[in-house]
Amino acid sequence: MNETLSAQFERLRKTYMESCFGRLNPVQLQAVFATRGPLLILAGAGSGKTTVLVNRIANLIRFGDGYSAPAPAGITGEDVARLQQIVETGGRPDERLEKLLAHWPVYPYHILAITFTNKAAGELKNRLSDMLGQAGQEVNASTFHSACVRILRREAERLGFPRSFTIYDTDDQQRAMKEVYKQLNVDDKFLPVKSAMGAIGRLKDQMISPKDALATGKDVRSGLVARVYEAYQKRLQKAGAFDFDDLIYFTVCLLQDFPDVREYYQDRYRYILVDEYQDTSVAQFQLVYLLAGPERNVCVVGDDDQSIYRFRGATIENILNFEQHFPGAQLIRLEQNYRSTANILNAANCVIRHNQARKGKTLWTQNGEGAQILHYEADSELDEAAHIASVIGRHVREGARLRDHAVLYRMNAQSGPVENYFARAGIPYKIVGGQRFYDRKEIKDMLAYMSIVANPQDDLRLRRIINEPARKIGAATVQAVADLAAGRAGAMLDVIAHLEEYPQLHRASSALGGFYRVYTQLRAAADSLPLDEFTAQVMEITGYRAMLEAAGEEGQTRLENIGQLVSSVKTYADQRGPEASLAGFLEEVALISDIDSYNEDADVVVLMTMHAAKGLEFDYVFIVGLEEGIFPSEMSRYSEEDLEEERRLCYVGITRAKKELYLSSAHARMLFGQTKHNKPSRFLEEIDPRLIRHEESASAVRMRAAREAYLQRQNAYLDRSYNRGVSASGSWNGAAYAAAGRSTPASSARPRAAAAGAPGRSFGPASSIRASQAAGGPGAGRSSGPAPYQSGDHVEHKVFGRGTVLKVTPVGGDHIVEIRFDTAGVKKTMANYAPLRRLDE
DNA sequence: ACTAGCCACTTTTTT
DNA sequence: AGTGGCTAGT
């Protein structure tokens with residue numbers, strides 16, 4: 001009798017649980033309910049893997065770990081009847097029923113979800129708290145680095161580091177490394193500092209200690225790397241600092257060497273989920289492995305085709321060998337794509353098919369075929385930018401929003417031309433990546449002052465600002481202090497605090513004393529003021545403000561940046577409330593990246609690298625620079641493995657697009673001050689020609705027409721010459737340019753109205769006529785001199801449509817035109833560059 | 001100790 | 001092309 005009730009309840013429970021996740025497809029459901037043991041989810045791009053992760057966690061919390069576990073004891077007929085009713089007619093279970101349903105409960109704080117970026121972690125948290133309320137907040141969702149920081153903050157002392165350790169960023173690392181080079185007398189011609197840093201980073205990714213490296217280093221170079229590594233590590237330890245790689249490395253050491261620590265965290269994190277598993281390193285794998293413990297409740301989600309961080313130690317083997325690392329692992333493939341049109345998805349499939357090293361899967365979609373992919377062959381990077389602007393303009397006029405558009409490129413240096421064109425055309429945009437806000441000199445200086453308050457051992461940060469602004473503390477003095485500190489195995493600040501004990505510092509004592517007074521004032525301010533006021537005081541106490549105010553215009557922008565820093569401190573303090581601390585803020589800053597602050601609410605076009613775009617999606621995507629030597633990059637040309645990584649990057653780029661995809665290449669491209677003529681990328685050829693439409697720039701069409709005309713004349717001439725027995729001479733190339741009435745493409749260094757014209761039309765005679773009209777139209781005759789527009793003029797802008805000129809201000813041969821657009825509001829544009837024309841009536 | 005001018009170098013991607 | 005780091009000169 002009881003047995004039957006249990007069985008009935010069990011059946012109903014499953015039905016009910018499945019109905020709770022009713023919006024998922026059967027494979028996704030399977031992934032949600034596979035709660036026990038190791039699980040590998042191979043999730044293709046756009047397959048809804050975040051949804052699966054969120055629902056999987058929600059299921060663990062709400063229904064516990066026991067989808068297929070036996071039903072709990074004590075089920076009554078009434079329970080069964082009530083559940084039956086809920087399954088059939090809806091409604092919510094009461095408390096008793098809810099408990100019975102979750103009879104193997106999992107508490108949120110036992111769940112650790114590790115993501116790649118802070119942004120992804122934040123998103124996960126948001127979605128969880130939307131679904132689960134308070135319980136969602138209690139799930140531990142963080143990045144590898146921040147999870148490790150949290151562990152190290154508790155346990156660092158076991159490894160001989162202070163709990164208040166500092167985190168060194170790349171710049172700090174480089175400084176530390178330079179000091180090591182000096183100390184060991186290493187010539188950086190033989191081993192550039194950056195390659196040493198890279199090599200050491202890779203060693204740490206593989207959990208190779210300085211000792212191991214010294215023992216195994218075979219050739220001269222790796223022997224030197226090992227020696228540098230050892231000295232560098234000593235230096236960091238003395239400064240009480242970890243670099244990024246150390247955060248993972250030392251956490252793994254901790255878990256390996258201290259069984260009690262290991263057991264504590266294994267007990268703490270009983271369910272582990274890892275996102276973007278294809279981008280994990282050996283060290284990160286070991287971290288996951290150690291945390292998972294004997295229970296092995298590890299769920300990793302990844303896509304081997306989207307592994308794009310091999311260069312910094314990610315190893316695709318982690319995902320390829322998951323089933324060997326965790327025997328008995330379940331494998332679930334999510335292959336249905338919900339994001340892109342069939343054309344876009346198929347193009348991505350075409351490209352990735354050319355890779356050898358992959359698990360192999362083919363994404364499919366029920367979405368419609370969608371528009372063809374467009375390949376635009378531009379003259380130059382400027383023409384390329386202009387083309388993008390005109391397409392965006394068309395979309396915006398048709399009702400799309402700017403923020404639905406993204407421009408993706410291989411390297412940050414490619415953003416320049418697009419940025420310039422957009423800025424001049426008045427198209428609002430935002431660049432993600434490149435130089436981070438927190439990497440600016442003035443910000444780093446301010447943070448260095450704050451760091452030495454938080455961690456007085458931090459000699460490196462101290463050196464950075466001890467004479468900034470200038471305090472007459474020269475290199476010789478700094479070195480003397482450093483030597484004395486080394487002599488007593490202490491920090492430089494200890495020496496500075498006890499100047500009277502060191503007669504050899506007598507000459508510099510007033511300067512050093514002055515610095516020490518600054519330091520004590522900073523400490524006092526930190527102790528007595530709220531965090532943001534303290535930050536604002538830093539620039540006062542240190543004289544930094546005075547220095548910048550004396551520096552004129554540039555100092556002004558730097559001051560503004562510091563102002564931004566103060567406000568971000570305030571934001572942090574407001575968010576964290578009583579938990580906010582100086583160390584906490586510095587830590588957050590150290591681990592933050594630009595993509596984390598990317599805010600999709602602003603209605604602007606987004607520009608970023610394809611790496612930064614991973615995990616994002618946009619209706620309209622432009623991938624620029626599809627040229628051999630750029631994408632795939634020059635570096636990858638000779639290595640098959642590197643090429644495959646480039647191809648995966650291309651796959652990532654393509655699969656960001658939901659509705660339309662625009663690929664472009666340029667005949668001539670100026671990059672790093674040199675003009676290059678690159679062949680179109682092999683990736684273009686890998687796409688089935690039926691999926692893609694090619695379009696040439698207007699001037700290329702003209703050029704070809706000119707060339708054909710020339711050849712015709714030449715032929716006619718040859719015919720005549722032949723009759724007369726004379727041979728022809730001359731190059732068609734120059735003549736063709738001359739016939740087209742333009743300079744060579746390389747010298748056309750400005751965006752032109754002509755280039756901005758002719759969007760999205762099939763090429764051929766019609767397009768060439770259109771283009772030449774545009775060239776003689778709005779762009780003509782307004783280079784400088786009298787104002788091309790007056791207030792009151794009615795104008796039309798390629799992107800913003802019609803509007804009225806409010807104000808015209810001359811600036812250096814050009815004019816700023818302020819326009820009130822009918823639909824887009826008030827914008828400022830540059831007369832010579834904006835795709836703008838006057839409407840004469 | 002500071003400044004100016006030079007040079008070299010950058011540029012693959014980032015926590 | 002632009003920047004930043006370094007040297008040499010003051």
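Scope of the values below: all heavy atoms of this structure, side chains included, with no hydrogens, waters or symmetry mates. Being a predicted model, the structure only gives us computed values, none of them experimental. Numbered from 1 within each chain, the chains take letters A, B, ... in sequence-line order.
- In this structure A:Arg669 satisfies the salt bridge (charged side-chain N to carboxylate O under 4.0 Å, His left out) test together with A:Glu384, A:Glu627, sequence neighbours excluded.
- Counting to the nearest Å, the P atom of B:dT14 and the CG atom of A:Asp243 are 18 Å from each other.
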- Task: Mind running salt bridge (Lys or Arg N to Asp or Glu O under 4.0 Å) on A:Asp275 and A:Lys49 for me, showing each step along the way?
- Result: CA-CA 9 Å; A:Asp275 196 9; A:Lys49 65 161 191 186; 3.2 Å; yes
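- One can place CZ of A:Arg647 at 21 Å from P of B:dT13, the figure rounded to the nearest angstrom.
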- Task: Begin from the C-alpha positions of A:Arg312 and A:Asp205 and carry the test salt bridge (Lys or Arg N to Asp or Glu O under 4.0 Å) through to its verdict.
- Result: CA-CA 8 Å; A:Arg312 67 159 196 222; A:Asp205 286 334; over 6 Å; no
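- Separating the NZ atom of A:Lys614 from the P atom of B:dT15 is a distance of 11 Å, rounded to the nearest angstrom.
- The P atoms of C:dG4 and B:dT13 are separated by 16 Å, rounded to the nearest whole Å.
- For A:Asp303, the side-chain hydrogen bond (donor to acceptor under 3.5 Å, both in side chains) criterion is met by A:Gln306, A:Lys361, not counting sequence neighbours.
- Comparing C:dA1, B:dA1, B:dT14 against the side chain of A:Thr477 picks out B:dA1 as the nearest.
- Mapping A:Ala470 and A:His145 onto DNA chain B by nearest heavy atom places A:Ala470 at the nucleotide closer to the 5' end.
- Regarding A:Lys472, its NZ atom lies at a distance of 9 Å from the C1' atom of B:dC2, rounded to whole Å.
- A:Phe144 comes within contact range of no nucleotide atom at all, as no heavy-atom separation falls under 4.0 Å.
- Here the P atom of nucleotide C:dG4 and the CZ atom of A:Arg175 are 13 Å apart, to the nearest Å.
- By the stacking rule of 5.5 Å between ring centres and under 30° between planes, A:Phe311 stacks on the base of B:dT13.
- One interatomic measurement links the two molecules: CG of A:Asp172 to P of B:dT14, which rounds to 18 Å at whole-angstrom precision.
- A donor-acceptor pair is defined here as one N or O able to donate and one able to accept, closer than 3.5 Å; such a pair exists between the side chain of A:Asn355 and the backbone of A:Glu644.
- The base of B:dT13 lies close enough to the side chain of A:Arg410 for a donor and an acceptor atom to sit less than 3.5 Å apart.
- Phosphate contact (OP1/OP2 of B:dT10, side-chain N/O of A:Asn412, threshold under 4.0 Å): absent.
- Among the atoms of the strands shown, only primed sugar atoms or phosphate atoms (P, OP1, OP2) are found under 4.0 Å from some heavy atom of A:Ile473.
- For the pair A:Glu276 CD and B:dT14 P, the computed distance is 14 Å after rounding to whole Å.
- Within the structure, a side-chain polar atom (N or O) of A:Thr609 is placed less than 4.0 Å from OP1 or OP2 of B:dT14.
- Checking B:dT14, B:dA1, B:dC2 against the side-chain heavy atoms of A:Asn467 singles out B:dC2 as nearest.
- Put simply, CD on A:Glu646 is 7 Å from C1' on B:dT12, counting in whole angstrom units.
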